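Computed from a predicted model, the values in this text were never measured in an experiment. Letters A, B, ... mirror the listed sequences (proteins, then strands); counts begin at 1.
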Amino acid sequence: MNISFWLNGVCVSGEAEPDTLLLDFLRQKGCYSVKRGCETANCGLCTVLMDGKPVLSCSVLAVRAEGHKIITLEGMQKEAEEFGSFLADEGAEQCGFCNPGFIMNVFAMLKEIPDPTEEEIREYLSGNLCRCSGFVGQTRSILKFLQYKKAQKEGEE
Amino acid sequence: MLKIRNYIKVKSVAEAYELNQKKTACVLGGMVWLKMGNRNVSTAIDLSGLGLDTISETEEEFVIGCMTSLRDLEVNPALDAFSHGAVRESLRHIVGVQFRNCATVGGSIYGRYGFSDVLTMFLAMDTWVELYQGGIIPLAEFASMKKDRDILVNIIVKKTPVFCSYISQRNSETDFPVLTCAASLIGEDAVTVIGARPGRAMIVEDTRGIMKGFKKMTKKQREAAIRSFAEYAAQKVPVGGNMRASAEYRKLLVKVLTRRAWEAVGGMKNEY
Ligand SMILES: Cc1cc2nc3c(=O)[nH]c(=O)nc-3n(C[C@H](O)[C@H](O)[C@H](O)COP(=O)(O)OP(=O)(O)OC[C@H]3O[C@@H](n4cnc5c(N)ncnc54)[C@H](O)[C@@H]3O)c2cc1C
Ligand code: FES
Ligand code: FES
């Protein structure tokens with residue numbers, strides 16, 4: 001089946017089987033940040049944004065993306081770099097495998113809840129599993145990132 | 001792996017029903033559950049073009065389209081207010097936000113999964129399901145029916161006032177629940193639902209009328225009724241053991257969660 005949709009702001013099209021998963025289709029299109037970390041829709045590593053909402057690309061059929069807007073980490077390089085430095089500063093990254101899905105969901109969270117509490121952060125990100133850490137560093141890095149963003153905004157005003 | 005030979009985005013529920021009469025056909029909800037299986041599907045039927053992904057509200061009821069995501073249910077302010085936060089509480093521990101943006105209420109109710117938080121919660125309200133062939137029937141009836149090839153179109157929640165509390169016990173956050181419990185005053189009726197027994201959620205029948213007239217009871221009477229009903233529920237509700245918990249543990253949980261859920265409802269007294 002021929003499908004087309006918006007991928008990181010560019011219209012792409014291609015052939016997909018009826019059972020091709022969005023995850024595999026995105027990788028075929030060169031988005032290697034999108035990875036599979038489990039077989040049970042549990043790990044959140046495959047998170048992409050579909051019309052602005054975070055979804056598990058391992059559980060969505062590629063054909064269902066038809067006409068929609070998909071954003072992967074490749075489409076958020078600048079933002080990811082900025083936030084990534086906070087992750088690194090807090091030593092939150094160990095092997096880094098969980099990173100792409102985690103960052104996508106952090107951005108989805110900040111769009112929905114601009115100023116989340118620690119409790120809200122934990123709840124929103126509980127579907128992202130990290131095998132190396134207990135999320136303490138990650139949470140700290142988000143809180144510091146938010147402080148930085150706030151200070152930046154106040155500076156502009 | 002889930003294998004699909006044909007994918008059809010249907011133009012009407014009637015078309016979906018026709019296609020679904022073939023044994024090898026399959027309706028797609030959010031596909032989160034389906035994709036874990038090893039089915040060979042001849043025709044995958046996609047309902048996502050029918051506008052069935054919204055929650056509408058009238059004076060009398062909420063009509064929730066089968067394709068509504070669990071996340072949309074969770075963040076719906078009207079349902080949250082109506083259920084005193086219970087709907088949100090029943091959903092927010094299910095895996096993660098991304099997951100709940102995918103999983104649908106139709107797939108969750110149709111599946112009648114033993115572990116279902118969703119089924120437990122909806123049984124604790126005046127809920128009906130609208131089936132394409134079967135018409136509109138009470139959820140409790142649907143929950144005990146065998147799976148057939150009908151299409152679940154809408155979930156209807158009547159606005160009979162509820163005072164409701166939802167609790168689940170999990171071994172770890174975002175895992176399947178070990179036990180679920182909802183306590184609810186639906187109008188004058190005190191309804192208790194226990195799920196993840198690990199069997200399908202069931203309404204605990206109060207054959208002795210222990211909770212009868214709960215709304216009008218004094219604080220002391222309530223405390224006594226709750227204590228005695230919690231004991232009764234633990235005796236009455238069939239529980240089993242599985243990899244998550246033993247039957248003995250679940251039996252204890254039935255008692256504790258029933259008591260806690262009813263204490264929460266009792267504490268809402270100023271509101272009713
Ligand atoms: C890893 C994992 C963890 C989970 N944890 C929990 C949990 O803790 N608590 C909980 O309550 N639930 C849990 N669930 C279940 C989940 O919440 C959903 O209920 C489940 O995924 C089904 O929803 P779906 O939209 O994905 O349906 P699908 O997987 O698409 O479909 C499920 C079934 O319903 C049928 N179907 C779907 N829609 C319709 C319709 N409109 N009419 C007729 N038939 C239909 C399909 O043909 C299929 O047989 C979990 C699921 C997974 C995979
Ligand atoms: S790959 Fe693990 S949730 Fe999608
Ligand atoms: S850093 Fe290794 S999985 Fe998260």
Side-chain angles (χ1 to χ4, degrees), chain A residues 1-3 16-24 36-68 101-102 104-109 111-113 116 119-129 134-135, chain B residues 1-10 24-49 53 67-72 74-75 88-89 91-104 107-108 115 170 172-176:
Chain A
M1 299 174 84
N2 196 273
I3 56 167
E17 296 298 323
D19 51 9
T20 302
L21 295 166
L22 183 59
L23 184 151
D24 299 307
R36 184 179 270 112
C38 73
E39 293 291 341
T40 52
N42 255 310
C43 74
L45 178 53
C46 62
T47 303
V48 301
L49 305 184
M50 187 165 186
D51 301 331
K53 285 184 182 172
V55 297
L56 301 174
S57 63
C58 72
S59 303
V60 175
L61 288 181
V63 289
R64 273 187 161 173
E66 174 71 35
H68 291 280
F102 179 76
M104 290 313 287
N105 210 28
V106 168
F107 289 134
M109 170 181 73
K111 227 171 91 186
E112 244 183 274
I113 321 171
E119 193 48 42
E120 284 172 322
I121 293 174
R122 273 175 207 242
E123 183 169 332
Y124 204 100
L125 299 176
S126 62
N128 290 84
L129 304 185
F135 266 136
Chain B
M1 241 175 71
L2 176 69
K3 293 213 176 82
I4 301 173
R5 249 183 301 138
N6 253 306
Y7 163 88
I8 298 182
K9 194 164 171 175
V10 293
T24 49
C26 179
V27 179
L28 302 179
M31 237 187 75
V32 207
W33 185 259
L34 272 175
K35 78 126 203 179
M36 292 212 305
N38 275 320
R39 281 170 74 168
N40 271 312
V41 173
S42 60
T43 304
I45 304 163
D46 190 354
L47 307 173
S48 65
D53 58 350
M67 292 299 288
T68 304
S69 73
L70 295 185
R71 177 71 179 166
D72 281 350
E74 174 191 352
V75 298
R88 189 180 114 76
E89 176 57 27
L91 299 170
R92 70 189 184 101
H93 305 283
I94 303 176
V95 189
V97 173
Q98 307 97 305
F99 179 100
R100 301 196 296 280
N101 274 328
C102 296
T104 63
S108 302
F115 53 74
R170 287 172 149 80
S172 70
E173 180 64 26
T174 75
D175 190 12
F176 288 101

Query - Exceeds 12 heavy-atom contacts within 6.0 angstrom, atom CZ of R36(A) - result: yes

Query raised in the report: Can you tell which of E39(A), E123(A), K53(A) has the highest number of heavy-atom pairs within less than 4.5 Å of chain B?
Result: E123(A)

Query raised in the report: In chain order, what residues pass the ring pair (Phe, Tyr, Trp, His ring centres under 6.0 Å) check against F107(A), with sequence neighbours excluded?
Result: none

Query raised in the report: Which region of C46(A), side chain (C-beta onward) or backbone (N, CA, C, O), has a non-hydrogen atom less than 4.5 Å from a non-hydrogen atom of chain B, or is it both or neither?
Result: neither

Report summary line: Paired with L28(B), the side chain to side chain contact (heavy atoms under 4.5 Å, CB included) test is passed by just one of I8(B), L34(B), I45(B), namely L34(B)

Requested in this report: Select one option (side chain, backbone, both, neither) describing which atoms of M1(A) are under 4.5 Å from chain B's heavy atoms.
Outcome: side chain

Query - Toward chain B, the part of L49(A) with a non-hydrogen atom under 4.5 Å - result: neither

Report summary line: The interface call for N105(A) against chain B, heavy-atom contacts under 4.5 Å, is side chain

Requested in this report: May I ask you to name which of M1(B), E173(B), K3(B), H93(B) has the most heavy-atom pairs under 4.5 Å with chain A?
Outcome: K3(B)

Report summary line: Of G101(A), P54(A), C58(A), the largest count of non-hydrogen pairs under 4.5 angstrom with chain B goes to P54(A)

Query raised in the report: If you round to the nearest 0.5 Å, how far is CG of D175(B) from CG of N42(A)?
Result: 8.0 Å

Query raised in the report: Which bit of R5(B) comes within less than 4.5 Å of chain A, counting heavy atoms only: side chain, backbone, both or neither?
Result: backbone

Query raised in the report: Taking the side chain from S42(B) and the backbone from T24(B), do they hold a donor-acceptor pair closer than 3.5 Å?
Result: yes

**Report entry** Donor-acceptor pair, side chain of D19(A) and main chain of I4(B), under 3.5 angstrom
**Finding:** yes

Query raised in the report: Which bit of E112(A) comes within less than 4.5 Å of chain B, counting heavy atoms only: side chain, backbone, both or neither?
Result: side chain

